Amino acid sequence: MSKVRVRFAPSPTGPLHIGGVRTALYNYLFARKTGGTYILRIEDTDRTRYVEGAEKYILESLKWCGLNPDESVEKEGDYGPYRQSDRKGMYVQYAEQLVESGHAYYAFDTPEELDKMREDLKTPEDPSPKYNYATRGKMKNSLSLSKETVQKMMNEGVAYVIRLLVEPGQEIHFNDIVRGAVSFKSEELDDKVLLKTDKMPTYHMANIVDDHFMEISHVIRGEEWLPSTPTHVLLYRFLGWEDTMPAFCHLPLILKPDGKGKLSKRYGAKVGIPVFPMNWESDTDFFIGFKEQGFLPEAMINFLAFLGWNPGTEQEIFNNEDLIQAFDLERINKSGARFDIQKARWFNQQYIMQTNDARLAELVRPYVEAEGHKPSEEYLQKVCVLMKERFEVLTEFWGNSKYFFEDVSEYDNQKVIRKKWKPENREKMHDLKSTVNRLRIFTAENIEEHVKKFIEENELSFGEVLPFIRLAVSGTTKGPSIFEIMSIIGEDEVAKRLEKGFEDFDKIKESLKNS
RNA sequence: GGCCCCUUCGUCUAUCGGCUAGGACGCCAGGUUUUCAUCCUGGAAAGAGGGGUUCGAUUCCCCUAGGGGCUGCCA
């Protein structure tokens, strides 16, 4: 087999959708698995849809995801340029070549005339008439007009496009790696525009020319391209490139989590789930990203890899290297996969738990600093040790861990105060505080030993004491071992919080009683 | 509407003619933790329907139904 060269070819019309990220991932994985080359090509042939900043966003997103291309606009290889607008001059000659060989023709119809044709020919049976063998004779093109008229219009500079001439009565077969044999009848195709009036190619023309000259071996792209693939096969054939035509691999779509349909950006915004790798902000739009929602790129990639593919084993956690090893185009599923944010969160939690303390501290630090605290590296890492299995996404870290960094201002469990707090034990609790505060060795083990001993000696129960130490020190009844928490926070701070907490509990109990 | 693609637990999926249909997420119950999370154990939960082919179909074929995609001088 000749060398594997694959490309991810997004269009810079906005932020890179999560489905695009998965397409990039599968291209990347396949290239790495086969020792091939993974290329990024920017498909910016539609100037009307060009969005400022989108290309940069795509590049940055891929970087964050760890899907760095071997060749791209930032890293030119031997097949450049890697931006289609920079390749503009290449396409015209092949479009012209197709006209000369009788496989394409000039068409002068204005957008208004096209609309009119579609409107006039529309019937209940055929609500969307095509520009094809049946209709092209009625339109203004070099097939329906006389040579002289065409020449005259060209001389006058009348705007024209070049359209592919598709003859009816043929079957176009091709093999898809995911779907197997697929075939279309040529009369179902339309005479697709190849070259637009601005001399820019359409996707159909550009992707064939570029894939050919970039020596692309496999086209791995979304299923939405399946219906236009026969047109692409025809283009390879008419250009004389069919013998080196790439293999096709059409990926199943990523669907909405609930009901039906393709996962869209609007939908994601509506239900508050990320649909983009990173935040996107423009004059008109704001979309939240996985990154800003507290996802680790490895977790997101692992999750995405399993949306439409699986290794056939029961292993689910795959790092980059594992994915490359296990990946196989043959094991990609045919049907669309629903996006399940819950599962994505589970993957993220798995990765957080696996992350070493130093890196986790680094990941979590921005959230702590955003709250105005600058803990030492050592301190933050200690907190991470205790908290790492207690949050699914990074953004939840602060809410669950703030008592390590600042005083307790409120208590999240009033019920336990109302039911179990005994003001008559106040004196004993005060003694407990003093006992704890006197400890010379302030380790979790030592605190635990002495607290338990104190409880026994004073004929208290764990239930009367432990929840209140916890609540006073952390403001919540949830969390890691209270003795570990105390040892990290330190004896002075602990004494202060116990004192204040016990006082607060008395007041709260009193006010709850009255209300 | 037409064309193409798809169809196993709620969701992601395993099964390449022998199935007591396996795993994961989520859910429920129990255990560990006198908290929470983690972890462990158990549970409920599926091959759209109808025809074939076959000794035997979730698996192969056909039809129906349902879903999705495409149907632009957008990609």
Side-chain angles (χ1 to χ4, degrees), chain A residues 9-13 20 43-46 48-49 84 107 109-111 114-115 118 122-131 159-163 176 178-180 182-185 187-190 192-204 206-207 221-230 250 252-253 255 257-262 303 306-317 330-331 333-347 349 353 386-392 400 413 416 461-463 465-467 470-471 474 476-482:
Chain A
S11 176
T13 54
E43 308 237 331
D44 59 346
T45 52
D46 186 353
T48 64
R49 290 217 306 155
Q84 286 182 332
D109 318 275
T110 63
L114 289 172
D115 286 346
R118 292 194 178 105
K122 194 160 85 176
T123 62
E125 295 74 37
D126 184 10
S128 50
K130 296 181 178 67
Y131 200 121
Y160 66 88
V161 300
I162 293 181
R163 282 182 182 272
D176 186 274
V178 172
R179 283 146 227 286
V182 181
S183 72
F184 289 81
K185 292 182 176 60
E187 52 268 36
E188 288 152 8
L189 272 38
D190 55 356
K192 285 240 152 45
V193 170
L194 266 19
L195 200 75
K196 303 184 254 188
T197 49
D198 63 0
K199 301 286 187 248
M200 280 294 246
T202 58
Y203 171 83
H204 308 292
N207 108 88
R221 85 234 288 193
E223 193 188 351
E224 67 267 29
W225 294 109
L226 201 53
S228 55
T229 304
H250 289 96
L253 265 14
L255 276 16
D258 62 351
K260 319 296 180 185
K262 207 158 58 154
F303 164 69
F306 273 72
L307 237 41
W309 170 86
N310 83 87
T313 65
E314 290 186 354
Q315 185 184 346
E316 300 234 37
I317 303 297
E330 304 289 335
R331 291 199 64 92
N333 290 107
K334 293 174 168 66
S335 50
R338 225 151 279 173
F339 181 96
D340 180 2
I341 191 67
Q342 208 40 61
K343 187 120 187 195
R345 290 171 65 89
W346 176 80
F347 270 110
Q349 186 184 34
M353 289 192 291
L386 294 190
M387 296 305 293
K388 65 165 47 170
E389 59 229 359
R390 271 168 258 260
F391 55 111
E392 288 187 318
N400 296 340
N413 194 334
V416 73
S461 73
F462 285 158
V465 178
L466 261 20
R470 178 179 288 284
L471 207 51
S474 69
T476 171
T477 46
K478 297 184 265 191
S481 156
I482 183 57

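Being a predicted model, the structure only gives us computed values, none of them experimental. Quick note on labels: first sequence line is chain A, next is B, and so on, each numbered from 1.
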Phosphate oxygens OP1/OP2 of [N]: is one of them under 4.0 Å from a side-chain N or O of [X]?
X        : N     : result
A:Lys130 : B:G72 : no
A:Arg118 : B:C73 : yes
A:Arg163 : B:C73 : yes
A:Asn333 : B:A14 : yes

Rounded to the Å, how far apart are A:Glu316 CD and B:G23 P?
12 Å
Partner nucleotide of [N] by Watson-Crick or wobble geometry (both distances under 3.5 Å):
N     : result
B:A65 : B:U7
B:U59 : none
B:U15 : none
B:A29 : B:U41

Of A:Leu466 and A:Asn310, the one whose closest nucleotide on RNA chain B sits nearer the 5' end is A:Asn310
Partner residues of A:Phe347 under the ring pair (Phe, Tyr, Trp, His ring centres under 6.0 Å) criterion, sequence neighbours left out
none
Lys/Arg N to Asp/Glu carboxylate O, A:Arg338 vs A:Asp340, below 4.0 Å
no
Heavy-atom side-chain contact between A:Arg179 and A:Glu223 under 4.5 Å
yes
On a plain distance test, is the side chain of A:Thr477 in donor-acceptor contact with the base of B:C36 below 3.5 Å?
no
Using O4'-C1'-N9-C4 for purines and O4'-C1'-N1-C2 for pyrimidines, with syn meaning within 90° of 0, is B:G26 syn or anti?
anti
Students often get this wrong, so: under 4.0 angstrom with heavy atoms, is A:Ser183 touching a base, only sugar-phosphate, or nothing?
sugar-phosphate
Contact letters for nucleotides 61-68 of chain B, in which S counts primed atoms plus P, OP1 and OP2 and B counts the base, heavy atoms under 4.0 Å:
------SS
